[in-house]
Amino acid sequence: MALKASEEVKTRIVQQKQKNGDIYVIERKTKYDPVKKFNVVLSSKILGKIPKGEEEMVPTRPKRPNGTKVLNSKEQQSEITASRRKVGMMDIIDHIGKISGIDDAIYANTDKGTAQKVISLARYLLATDGQSLPGITSWQYSHPLPYDEGLSESIYHDLFTDVGRNESLMQSFFASRIEKAGDTALLAYDSTTISTYSKQISEARFGFNKAHDGLPTVKLLSLYSVETRQPVVFTRQPGNQPDVITIENALKQLQVLGIKKAEIVTDNGYYSEKNLAEMLHAHFDFITLVKIGISWVKKELENRFNEFSSTGSACPFDTSTHGVSVMLKHEFTRQRKYASVKKGLAGGTQESFERRIYLHLYFNPFRKVEQDSTFDKDMFELKYLVEKETAEEELSPGAVEKINKYLNINRRGNAVNVTFNEKAIAEAKKYHGYFALVSNCEKDPFECLSKYRRRETIEQFFEAGKQKTDGTRTRVWSSESLMGRMFVQFVALCYYEYLSEQLRQIKLKLEEDITAEKDLAEIRKNKKKLLSWMNNTPVYLTLQWFDAVEEIKVSAKLRSRRWSTEITERDRLLINYLGMKF
């Protein structure tokens with residue numbers, strides 16, 4: 001006996017291949033018809049399609065409702081929407097933000113909106129070579145940014161205040177930067193000054209002004225990883241504070257952010273017995289430039305004047321510089337802030353300890369000629385000022401000291417006779433051309449010199465900060481807004497320094513590839529063209545070159561399309577070296 005037919009409605013997923021290679025995925029509902037003796041299709045619904053050559057299903061255009069008018073070509077044209085945006089440069093910057101970890105570090109430590117605003121402003125500063133921020137209001141219409149709701153002056157001024165109060169965001173970001181530098185980082189430490197017209201920034205004080213514009217300044221202090229060529233930490237101080245008193249807080253910040261062992265490189269503005277004692281106590285290695293006039297340094301130099309003429313004392317990578325080293329046992333003292341039960345020391349007492357240090361002494365004859373010439377020029381200028389009977393209060397304290405030491409002044413009536421104190425001048429010139437470095441870890445004078453010279457990268461960093469991120473003025477009127485603005489500028493500089501290092505490494509790789517001659521002739525030719533172009537094109541103009549690459553999107557009722565400006569093989573080669581796809 002035959003089985004009775006089931007009345008069940010069955011649902012099946014079937015695939016239908018089209019002539020163009022696409023596969024439609026269809027949901028069908030069927031039911032067996034006992035009269036017709038086969039399954040009858042009750043309904044069919046297209047779920048999507050699998051485009052030719054792909055595996056994933058994508059949605060299809062919704063079916064046009066019954067009664068909908070089919071537009072003719074002219075009517076379709078009136079329904080078209082289109083946009084044009086410059087994407088080449090911004091794609092490069094977006095790539096740098098991702099591979100450097102800069103973007104992730106900001107997103108991980110604040111809300112999405114704040115992170116997008118910070119990143120957008122930083123990218124604007126990098127892309128425009130530090131144009132003032134009000135320009136972003138129109139610029140953002142043609143350049144895609146993470147914060148796509150639009151940035152106005154009121155929005156980013158509020159952002160500066162919020163970020164300036166968010167110390168956790170800033171310190172967490174610094175921690176991520178320090179982690180990239182490594183536990184045994186070589187860190188350059190230095191400062192610069194930023195002038196301001198604001199009367200409401202409490203840190204704005206009259207002091208040494210590197211711009212010499214007569215304005216009060218805020219001091220910006222930074223730690224810069226010499227090996228990774230990345231800024232890692234910044235802070236601000238009142239503009240009248242001397243550099244020498246800032247090192248202790250920098251050491252505390254490094255310790256709390258996870259640096260257990262680092263080598264800190266400073267110039268002579270940070271040298272003091274107290275600072276050396278603090279670095280030794282915190283177990284940090286150091287290299288610092290010291291003044292030849294310091295008594296114990298001068299004494300060691302005078303005992304070794306005749307050692308700089310030997311060929312063996314010449315620096316291997318700079319034979320015009322000669323160097324000798326002295327290992328010393330030096331006694332240091334530091335002020336205790338807390339009592340020590342074990343040592344029986346109360347808080348506030350002086351603690352003395354002895355450590356081994358290396359004094360590296362150097363002489364460069366070209367440096368001596370330059371210093372002699374500068375010194376003579378200063379003497380003639382001071383002589384002229386005295387002969388003009390310039391009032392002492394119009395001169396700097398340093399100028400008055402030099403006049404008293406190096407000039408002989410005789411007055412007869414209204415006549416002023418000024419001559420040079422040749423003996424004192426000869427004594428001063430005796431030490432020209434010499435300089436000294438002190439370290440607790442570097443035994444070799446030329447390895448020490450090499451590391452010290454590499455600290456010059458922080459000078460380039462400060463220059464970039466002023467030129468590339470609109471950092472010559474504070475541009476805000478309160479301390480909290482200033483800190484927030486400085487943070488955005490710092491993020492922009494992280495972008496800039498990372499991209500600069502990427503381009504530098506690409507040039508080295510190109511030189512290596514061209515020398516190896518492993519590529520085909522046409523490829524090697526393109527690499528030579530790219531290297532020549534990169535050697536003559538700074539970072540900003542490299543980005544601007546790719547700003548010509550635009551993306552055009554066109555949407556109509558029936559379909560959407562987008563396309564980008566084509567690029568040359570040379571440009572494509574650079575994109576590939578950056579690790580991007582175009």
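For the single chain, residues carry numbers from 1 onward in sequence order.
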Measuring from [X]:[atom1] to [Y]:[atom2], what's the distance to the nearest 0.5 Å?
X	Y	atom1	atom2	answer
Ser325	Leu437	OG	CG	9.5 Å
Phe462	Asp190	CZ	CG	5.0 Å
Ile99	Met580	CD1	CE	9.0 Å
Ile264	Ile287	CD1	CD1	11.0 Å
Leu187	Ser222	CG	OG	11.5 Å
Asn440	Arg355	CG	CZ	9.5 Å

Please check: side-chain N/O of [X] versus main-chain N/O of [Y], any donor-acceptor pairing under 3.5 Å?
X	Y	answer
Thr537	Met534	no
Arg205	Ser202	yes
Gln131	Asp470	no
Tyr498	Ile102	no
Asn576	Arg572	yes
Ser120	Gln116	yes
Thr217	Thr193	no
Asp513	Lys527	no

- Item | Residues, nucleotides or ligands: over 12 heavy atoms within 6.0 Å of Lys509 NZ | yes
- Message: Are there over 12 heavy-atom neighbours, none belonging to Phe353, within less than 6.0 Å of that residue's CZ?
- Response: yes
Indicate whether the side chain of [X] and that of [Y] have a donor and an acceptor atom separated by less than 3.5 Å.
X	Y	value
Lys451	Ser439	no
Thr161	Asp158	no
Asp547	His143	yes
Thr288	Thr266	yes
Asp213	Ser195	yes
Thr321	Asp318	yes
Ser352	Thr333	no
Glu497	Tyr224	yes

- Task: Just jot down the side chain to side chain donor-acceptor pair (under 3.5 Å) partners of Thr474, sequence neighbours excluded, or say none.
- Result: Thr196
Side chains of [X] and [Y] in contact at under 4.5 Å (non-hydrogen atoms):
X	Y	value
Glu511	Leu531	yes
Val297	Lys291	no
Val265	Tyr189	no
Val233	Leu221	no
Phe286	Leu276	yes
Leu493	Thr469	yes
Trp533	Trp545	yes

Can you name the nearest heavy-atom pair linking [X] to [Y], along with the distance?
X	Y	answer
Gly113	Tyr147	O-CD1, 4.1 Å
Cys448	Tyr362	CB-OH, 4.0 Å
Ala436	Leu361	CB-CD2, 3.8 Å

- Query: Pairs in or reaching into residues 83-136: which pass ring-ring contact (aromatic ring centres under 6.0 Å, His included), with residues at least two apart or in two chains?
  - Reply: Tyr124-Trp139
What I want to find out is whether [X] reaches [Y] closely enough, with some N-O distance under 4.0 Å, to be called a salt bridge.
X	Y	answer
Glu501	Arg229	yes
Glu459	Arg455	yes
Lys117	Asp111	no

- Cation over ring face, Arg177 and Phe173, 6.0 Å, 45°: yes
- Under 30°, 30 to 60°, or over 60°: which ring-plane class applies to Tyr358 and His360, parallel, tilted or perpendicular? parallel
- Query: Taking the inter-plane angle between the rings of Phe234 and Phe174 on a 0 to 90° scale, is it parallel (under 30°), tilted (30 to 60°) or perpendicular (over 60°)?
  - Reply: perpendicular
Identify, with sequence neighbours excluded, every residue that meets side-chain contact (heavy atoms from CB on, under 4.5 Å) alongside [X].
X	value
Glu167	Met170, Gln171
Glu273	Tyr271, Trp296, His330, Phe332
Phe317	Cys315, Phe446, Leu449, Ser450, Arg453

- Query: Strictly under 6.0 Å, is that where the ring centroids of Tyr452 and Phe435 end up?
  - Reply: no
- Do Phe461 and Tyr496 have their ring centres less than 6.0 Å from each other? no
- Yes or no on salt bridge (Lys or Arg N to Asp or Glu O under 4.0 Å) for Arg236 and Glu203, after CA distance, side-chain angles and deciding distance? CA-CA 8 Å; Arg236 74 181 192 277; Glu203 294 85 4; 2.9 Å; yes
- Message: Tell me which pairs pass salt bridge (Lys or Arg N to Asp or Glu O under 4.0 Å) where either residue lies in residues 118-139, with sequence neighbours left out.
- Response: Asp94-Arg123, Asp103-Arg123, Asp129-Lys468
- Where do Lys466 and Thr192 land on the side-chain hydrogen bond (donor to acceptor under 3.5 Å, both in side chains) test, with the steps shown first? CA-CA 10 Å; Lys466 294 190 175 182; Thr192 190; 3.1 Å; yes
